[in-house]
Amino acid sequence: TDADDYSVAVYSQPDVYDSLFFVIDQYAQLKNLSVGPLSYAQDNSEVSPLLICKQHYRRSSVQPSNESYDIDPETETVCLTVDSETAENREWKTANTSFFKLDFYRLVNVKISFQLKGINLQTI
């Protein structure tokens, strides 16, 4: 049954930040880390950027002490794009600190996406 397949993961706030910045750092270092023919995808001769989107409830108030929850079901999504050259320069994080202040009490999810291209050398 579905109940048997139900699993939950619990993360700490530092775990979320560590994972988020690990992905960004690995993206920035791709050319130094890749052992195969891998590169950033391009669209009209421009490198496709890394996209970070955070989705959160528009308004939320949680008071666990008295089991009071006031959550607006409407969600908002805010995104930040980072190209590979910008990701290598650590100053962009400082310039975007407000984006990385996650309101965990109303956070729904954080999505990170980017495109890579590669060549399967076995088919050549």
(message) Please report the interatomic distance CG(D83) to CH2(W92), rounded to the nearest 0.5 Å.
(response) 10.0 Å
(request) Would you indicate whether the side-chain heavy atoms of P49 and V82 approach each other to under 4.5 Å? (result) no
(request) To the nearest 0.5 angstrom, please state how far the CG atom of L51 sits from the CD atom of Q115. (result) 10.0 Å
(request) Kindly state whether the ring of Y17 and the ring of F104 have centres lying under 6.0 angstrom apart. (result) yes
(request) Please report the shortest heavy-atom distance between Y11 and V16, naming the atom on each side. (result) CB-CG2, 4.2 Å
(request) Kindly determine whether L20 and I112 satisfy side-chain contact (heavy atoms from CB on, under 4.5 Å), including the steps that lead there. (result) CA-CA 8 Å; L20 176 64; I112 304 172; 3.3 Å; yes
(message) I need the C79 SG to I52 CD1 distance, nearest 0.5 Å.
(response) 9.5 Å
(message) For a 4.5 angstrom cut-off between non-hydrogen side-chain atoms, does F100 reach I24?
(response) yes
(request) Answer whether the closest heavy-atom distance between the side chains of V108 and Y57 falls below 4.5 Å. (result) yes
(request) First locate atom CD of E76, then atom CZ of R106, and finally report the distance between them rounded to the nearest 0.5 Å. (result) 6.5 Å
(message) When you compare the side chain of L102 with that of K54, does any pair of heavy atoms fall below 4.5 Å?
(response) yes
(message) Surrounding CD of Q26 (heavy atoms of other residues, nucleotides or ligands, distance under 6.0 Å), is the total greater than 12?
(response) yes
(message) Within the structure provided, determine whether V78 and L80 are in side-chain contact (heavy-atom separation under 4.5 Å).
(response) no
(request) Please confirm whether the backbone N or O of D15 pairs with a side-chain atom of D18, one donor and one acceptor, at under 3.5 Å? (result) no
(message) So, using side-chain hydrogen bond (donor to acceptor under 3.5 Å, both in side chains) as the criterion, who are the partners of T75 when residues are at least two apart?
(response) Q55
(request) Might you confirm whether atom CZ of F21 has over 12 heavy atoms from other residues, nucleotides or ligands at distances under 6.0 Å? (result) yes
